[in-house]
There are 2 protein chains.
Amino acid sequence: MPLLIVDDDEAILQLVSIHLEQAGYNVKKASNAEAALAFLQQHPFDLAIIDVMMPGMNGFQLANIVTKQYEIPVILLTAKGQIEDKERGFGQGIDDYIVKPFETKELLFRVNAILRRYRKIHQAQSVVGNVKMDKDTWELSIGEKQFIWPMKELEILLYLLQRTGRNVSRWDLIDEIWGETLEQPEFTLNTHINRIRERLKRAEATIEIVTIRGFGYRLEVKR
Amino acid sequence: MPLLIVDDDEAILQLVSIHLEQAGYNVKKASNAEAALAFLQQHPFDLAIIDVMMPGMNGFQLANIVTKQYEIPVILLTAKGQIEDKERGFGQGIDDYIVKPFETKELLFRVNAILRRYRKIHQAQSVVGNVKMDKDTWELSIGEKQFIWPMKELEILLYLLQRTGRNVSRWDLIDEIWGETLEQPEFTLNTHINRIRERLKRAEATIEIVTIRGFGYRLEVKR
DNA sequence: TTTGATTTATAAACTCTATATAAATTCAAA
DNA sequence: TTTGAATTTATATAGAGTTTATAAATCAAA
């Protein structure tokens, strides 16, 4: 899960990212607000950790943009003296504060907590392996990249994603995706499955569609 | 966003205005109440920061006029000994006090907070790539140049800007921009998108509108 | 009269489906 | 166990149909 951490202090950047990466997160580092915004424009993140005190645009301003525009939770890092900042940030979309100096364990704990909470709310996503798909907007990301695929292929992939690890019959799939109206449903489905496989391979997805001969398909996580 | 700061102390005037300008505000300076009133008559302001202790008309009197007559929020700057002044001002439209000496950062926080409260919009600008748009004034700049575009196109662009990197359905867009009343919404939207693209290209914007066939559009930063 | 918004008309692009052909698997018979 | 026909699935390609883009015309408002 991609996180963004923004701090002008290189040491903290390193320290924090090492620990978060160890915990399985994908961490991008920015040493100022401008760099952070650039990252945000390129990739989707699930959470941002932002230092309040920075040269140029400060953490509060950045946090505001992040919460409003990108709608992801934010954790602010604030120095000891500025605890009153808390009041100013809460209720503005800031999800948590951590006062420097802090234990990395504590940070990790909070990150986990927030993401857990947040994911419950935003459960419009199907995630399997390194493939993530948003049911509402059809946004598809594989690894860090976002992809634009033809609709039919997205529909089929979603159907399979939602049944990962289970056998899905050809006819269930055909019924679900097409209803009745298809003259040569068998071959048409073949074609689509074939194309999806190609794309998954090209995108280096960690999932694959396995053929269940005589029955249908099954989506699995590669290992 | 235009702010007015009134103080007889030239040093403070300078210090504060530099910081506020850095934060993206448009700051006008007045060194006494008379000059301040002259400014207020000429230009609309969104907030005034006023020193209590001034030669001639004092800060309280000025603040009263400002809040009553121009109906904008006021922050009073008060020296350490005069904290009892607080009682005098609150309930009169004074929104906040700051005691000298103060951190410019603190002032900035309060300014942001108050403006937010007042106009509910706080991040009045959308910035993506080299495109910047002010939601209040519809000012649009691409690179260094400013542009005047037709309203409909600005509305659509803003909607997309605020959802950069996300897929936006045609119908969300149409609903948002037009509501219901449109006979051929599909084609109308096409036309507008087309024009926006032309203009973005001519202005050498670093963003582009990508088509999500069968769904809608998505605004992205070019690379 | 000029500018912006919408509609209409036409062109272009892309998806989907169908078809053709190849490859793989199954199964039965030798 | 091997072989080969039958069956199922994979892959490649092309045409039909749909969606979107573009250009031009009309309408409305300033």
Side-chain angles (χ1 to χ4, degrees), chain A residues 133 137-138 140 147-160 167-202 205 207-220, chain B residues 133 138-140 146-160 167-203 205 207-220:
Chain A
M133 184 159 156
T137 61
W138 298 105
L140 173 70
F147 291 86
I148 296 171
W149 285 17
M151 269 310 194
K152 270 272 142 40
E153 292 167 37
L154 288 175
E155 286 175 30
I156 293 168
L157 178 59
L158 177 60
Y159 191 83
L160 293 173
N167 293 355
V168 176
S169 87
R170 296 175 72 78
W171 287 101
D172 278 357
L173 245 172
I174 291 168
D175 267 16
E176 174 67 23
I177 306 292
W178 283 275
E180 297 301 324
T181 62
L182 210 50
E183 290 189 37
Q184 304 289 30
E186 306 261 353
F187 307 137
T188 304
L189 178 59
N190 288 350
T191 299
H192 281 104
I193 292 288
N194 185 27
R195 291 205 183 118
I196 293 170
R197 281 171 169 159
E198 275 175 13
R199 287 188 209 271
L200 287 176
K201 190 186 298 170
R202 258 183 281 137
I207 62 173
E208 61 186 338
I209 298 175
V210 179
T211 303
I212 313 294
R213 188 159 244 263
F215 182 75
Y217 300 95
R218 152 204 282 256
L219 192 142
E220 283 183 357
Chain B
M133 184 158 156
W138 297 104
E139 280 161 356
L140 172 71
Q146 291 235 147
F147 291 86
I148 296 173
W149 285 15
M151 259 317 191
K152 271 273 139 46
E153 291 168 37
L154 289 175
E155 286 176 33
I156 294 168
L157 178 58
L158 177 60
Y159 192 82
L160 293 173
N167 295 353
V168 176
S169 86
R170 294 177 74 77
W171 286 103
D172 277 358
L173 245 172
I174 290 169
D175 267 16
E176 174 67 24
I177 307 292
W178 284 277
E180 296 301 323
T181 62
L182 209 50
E183 289 189 38
Q184 303 287 32
E186 305 261 355
F187 306 138
T188 304
L189 179 59
N190 288 350
T191 299
H192 284 294
I193 292 287
N194 186 27
R195 295 221 179 99
I196 293 170
R197 279 172 170 160
E198 275 175 11
R199 287 188 209 270
L200 287 176
K201 191 187 295 170
R202 259 182 280 136
I207 62 173
E208 62 185 337
I209 298 175
V210 179
T211 302
I212 312 293
R213 189 159 245 263
F215 184 77
Y217 298 95
R218 150 204 285 257
L219 192 143
E220 282 183 356

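Quick note on labels: first sequence line is chain A, next is B, and so on, each numbered from 1.
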Nearest-Å distance for atom pair NZ/P, residues A/Lys152 and D/dG17: 15 Å
Examine distances only and state if a side-chain atom of A/Arg218 and a backbone atom of A/Ile212 form a donor-acceptor pair shorter than 3.5 Å. no
Would you mind reporting whether B/Lys152 and B/Ile196 have side-chain heavy atoms less than 4.5 Å apart? no
CZ of B/Phe215 to CG of A/Leu154, rounded to nearest 0.5 Å, is 10.0 Å
Whole-Å gap separating P (C/dT3) and CZ (B/Arg199): 12 Å
Tightest non-hydrogen contact, residues B/Arg213 and A/Met151, listed as O-CG, 3.8 Å
If I take atom CE from residue A/Met133 and atom CG from residue A/Leu158, how far apart are they, to the nearest 0.5 angstrom? 4.0 Å
d(CD, B/Glu153; C1', C/dG4) in whole Å: 8 Å
Atom CG of B/Leu157 and atom C1' of C/dA5: how far apart are they, to the nearest Å? 17 Å
Hey, could you give me the CD1/CD1 distance between A/Ile209 and A/Ile156, rounded to the nearest 0.5 Å? 8.5 Å
Could you give the CH2-to-P distance, from A/Trp149 to D/dT19, as a whole number of Å? 22 Å
Could you state the interatomic distance from OG1 (A/Thr211) to CG (A/Asn167), rounded to the nearest 0.5 Å? 11.0 Å
Tell me which residues in residues 208-218 of chain A lie within less than 4.0 Å of DNA chain C, going by non-hydrogen atoms. A/Arg213
Are B/Trp178 and C/dT6 close enough that a side-chain N or O sits under 4.0 Å from OP1 or OP2? yes
For atom CZ of B/Arg170 and atom P of D/dT19, their distance in whole Å: 10 Å
With sequence neighbours excluded, what pairs up with A/Arg202 under the salt bridge (Lys or Arg N to Asp or Glu O under 4.0 Å) test? A/Glu198
About how many Å separate CG of A/Leu173 and CG of A/Leu160, when rounded to the nearest 0.5 Å? 5.0 Å
Whether each nucleotide of nucleotides 22-30 of chain D has a protein heavy atom under 4.0 Å at its base (B), only at its sugar-phosphate (S) or at neither (-) is summarised, 5' to 3', as BBB------
Interatomic distance where CH2 belongs to A/Trp171 and P belongs to D/dT9 [whole Å]: 11 Å
Between CE of A/Met151 and P of C/dC16 the distance, given in whole Å, is 9 Å
Does B/His192 have a side-chain nitrogen or oxygen under 4.0 Å from the phosphate oxygens OP1 or OP2 of C/dA5? no
